[in-house]
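Shown next, in structure tokens, is the structure this report addresses.
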Amino acid sequence: MTGQVRTVDGRVAGRRGQATRQKLLDCLSEMLSSSPYRDVKVIDVARKAGTSPATFYQYFPDVEGAVLEIAEEMAKEGAGLTDLVAGRSWIGKAGWQTSEDLVEGFLDFWRRHDAILRVVDLGAAEGDKRFYKIRMKILNSVTNSLTDAVKELQAKGRVDKDVSAAAMAGALVAMLAAVASHQKGFTTWGVKQAELRPNLALLVHLGITGKKPTK
């Protein structure tokens, strides 16, 4: 956490206050992993953190406000997903490696932040622009880089110019997000993680290059 941390009424929080605030956020994150978002109450978060609801309200207006703080921090990390694609080659064996790395990195990120991403998806689906912006911030980090990758391949004559780079990139990222949020569900279809990832990487590679990968 960088910069000054302030209380709801604008006062700068000291080191102790910052530690308390972070503990409240950590406890809330933990609770979101095991409880439905709507069931989480301020009194329960405060109790788990070993403090009072009054202390909670010093740092956050409500549970939703605290959830948004967690989501914003997660989105900052999500911006780093662009490194999985930016400047990477999509030609030959390197292209297959890029596809695999993108799938691995994307699915791992989603799994690590599964609880808060469920809340973000719910808020975005309900039309809350704050959650929608956070969701798009994460997805854009990959979509923009994939769009550039398709355009670069088009410039080299390796991908048909009739392909819409933005549409292809957006469709692939939407697919990745849908699969990432459904990872546990694949087991009910008898699909193991070891089978899911290479097949998802194959779809990504076909989408970007229009060709079967060289492995």
Side-chain angles (χ1 to χ4, degrees), residues 1-2 21-42 44-45 48-49 56 59-86 99-147 169-189 191-197 199-201 203-204 207:
M1 200 180 300
T2 57
R21 182 181 185 277
Q22 189 57 50
K23 189 171 185 183
L24 286 163
L25 289 174
D26 292 343
C27 289
L28 174 56
S29 292
E30 199 177 317
M31 292 175 76
L32 290 172
S33 299
S34 56
S35 305
Y37 167 53
R38 307 292 189 204
D39 291 350
V40 177
K41 307 298 181 195
V42 169
D44 298 323
V45 179
K48 188 173 182 63
F56 180 97
Y59 301 103
F60 311 104
D62 47 33
V63 170
E64 187 175 79
V67 165
L68 280 163
E69 287 276 346
I70 297 169
E72 287 284 4
E73 285 299 313
M74 178 266 302
K76 287 176 187 173
E77 183 186 333
L81 289 171
T82 189
D83 295 337
L84 297 170
V85 182
S99 300
E100 286 190 307
D101 290 348
L102 173 57
V103 168
E104 289 282 337
F106 198 97
L107 265 57
D108 286 346
F109 173 82
W110 224 267
R111 180 169 284 196
R112 281 200 311 278
H113 300 288
D114 177 58
I116 190 65
L117 280 162
R118 281 201 312 269
V119 178
V120 169
D121 282 349
L122 175 63
E126 291 179 344
D128 189 315
K129 290 181 180 178
R130 298 168 302 173
F131 286 113
Y132 176 77
K133 279 179 69 176
I134 289 170
R135 188 174 197 276
M136 290 308 295
K137 187 175 180 181
I138 296 164
L139 299 186
N140 285 345
S141 64
V142 180
T143 307
N144 294 339
S145 293
L146 283 181
T147 300
L172 289 172
V173 172
M175 175 187 72
L176 284 170
V179 171
S181 63
H182 191 69
Q183 288 183 74
K184 293 174 185 173
F186 277 90
T187 56
T188 63
W189 297 334
V191 178
K192 298 173 183 174
Q193 282 291 314
E195 297 168 323
L196 172 62
R197 297 188 177 207
N199 282 282
L200 192 55
L203 287 172
V204 169

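Between Trp110 and Phe106, the two ring planes are parallel [angle under 30°; tilted spans 30° to 60°]. Using bins of under 30°, 30° to 60° and over 60° for the plane-to-plane angle, the ring pair Phe131/Tyr37 lands in the perpendicular bin. Under the 30°/60° scheme for interplanar angles, the aromatic rings of Phe109 and His113 are found to be tilted.
Side-chain contact between Leu196 and Val103 is absent, with no heavy-atom pair separated by less than 4.5 Å. Counting only heavy atoms from C-beta outward, the side chains of Val42 and Asp62 never approach each other to under 4.5 Å.
A pairwise comparison of heavy atoms in Ala66 and Leu25 identifies O-CD2, 3.6 Å as the closest pair. Listed here is the closest heavy atom pair of Leu107 and Ala180: CD1-CB, 4.2 Å. The minimum heavy-atom distance between Thr82 and Ser145, with the atom names listed, is OG1-OG, 2.5 Å. Here the closest non-hydrogen pair linking Ala75 and Ile138 is CA-CG1, 4.0 Å. Shown here for Ala177 and Leu139, the closest heavy-atom pair between the two residues is CB-CD2, 4.0 Å. Leu102 and Leu84 get closest at one heavy-atom pair: O-CD1, 4.0 Å.
With rounding to the nearest 0.5 angstrom, the CD atom of Glu73 is 11.0 Å from the CD1 atom of Ile116. The distance from atom CG of Asp39 to atom CG of Asp44, rounded to the nearest 0.5 Å, is 9.5 Å. Note: Arg112 CZ to Met74 CE = 11.0 Å, rounded to the nearest 0.5 Å. For the atom pair CZ of Arg111 and NZ of Lys184, the computed distance is 8.0 Å after rounding to the nearest 0.5 Å. Going from atom CD of Glu126 over to atom CG of Leu122 covers 4.0 Å, rounded to the nearest 0.5 Å. Note that CZ of Arg21 and NZ of Lys23 are 16.0 Å apart. Values are rounded to the nearest 0.5 Å.
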| said: side chain to side chain contact (heavy atoms under 4.5 Å, CB included), that's the test. Do Val191 and Asn199 meet it? Break it down for me. | reply: CA-CA 11 Å; Val191 178; Asn199 282 282; over 6 Å; no

| request: Check the pair Lys41 / Val63 against side chain to side chain contact (heavy atoms under 4.5 Å, CB included), numbers first and verdict last. | output: CA-CA 7 Å; Lys41 307 298 181 195; Val63 170; 5.8 Å; no

| query | Where do Ile70 and Val119 land on the side chain to side chain contact (heavy atoms under 4.5 Å, CB included) test, with the steps shown first? | reply | CA-CA 11 Å; Ile70 297 169; Val119 178; over 6 Å; no

| Check against side chain to side chain contact (heavy atoms under 4.5 Å, CB included), Leu24 and Val45 | CA-CA 7 Å; Leu24 286 163; Val45 179; 4.2 Å; yes

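Results of the side chain to side chain contact (heavy atoms under 4.5 Å, CB included) test with Val173 over Asn144, Val204, Thr143 single out Thr143 as the only residue that passes.
Ionic pairing of Arg197 and Glu100 is not present here: no N-O contact between side-chain nitrogen and carboxylate oxygen is shorter than 4.0 angstrom. The residues Asp114 and Arg118 are annotated as salt-bridged, a charged nitrogen and a carboxylate oxygen being separated by less than 4.0 angstrom.
In this structure a side-chain-to-backbone donor-acceptor pair under 3.5 Å is missing from Ser35 to Leu32.
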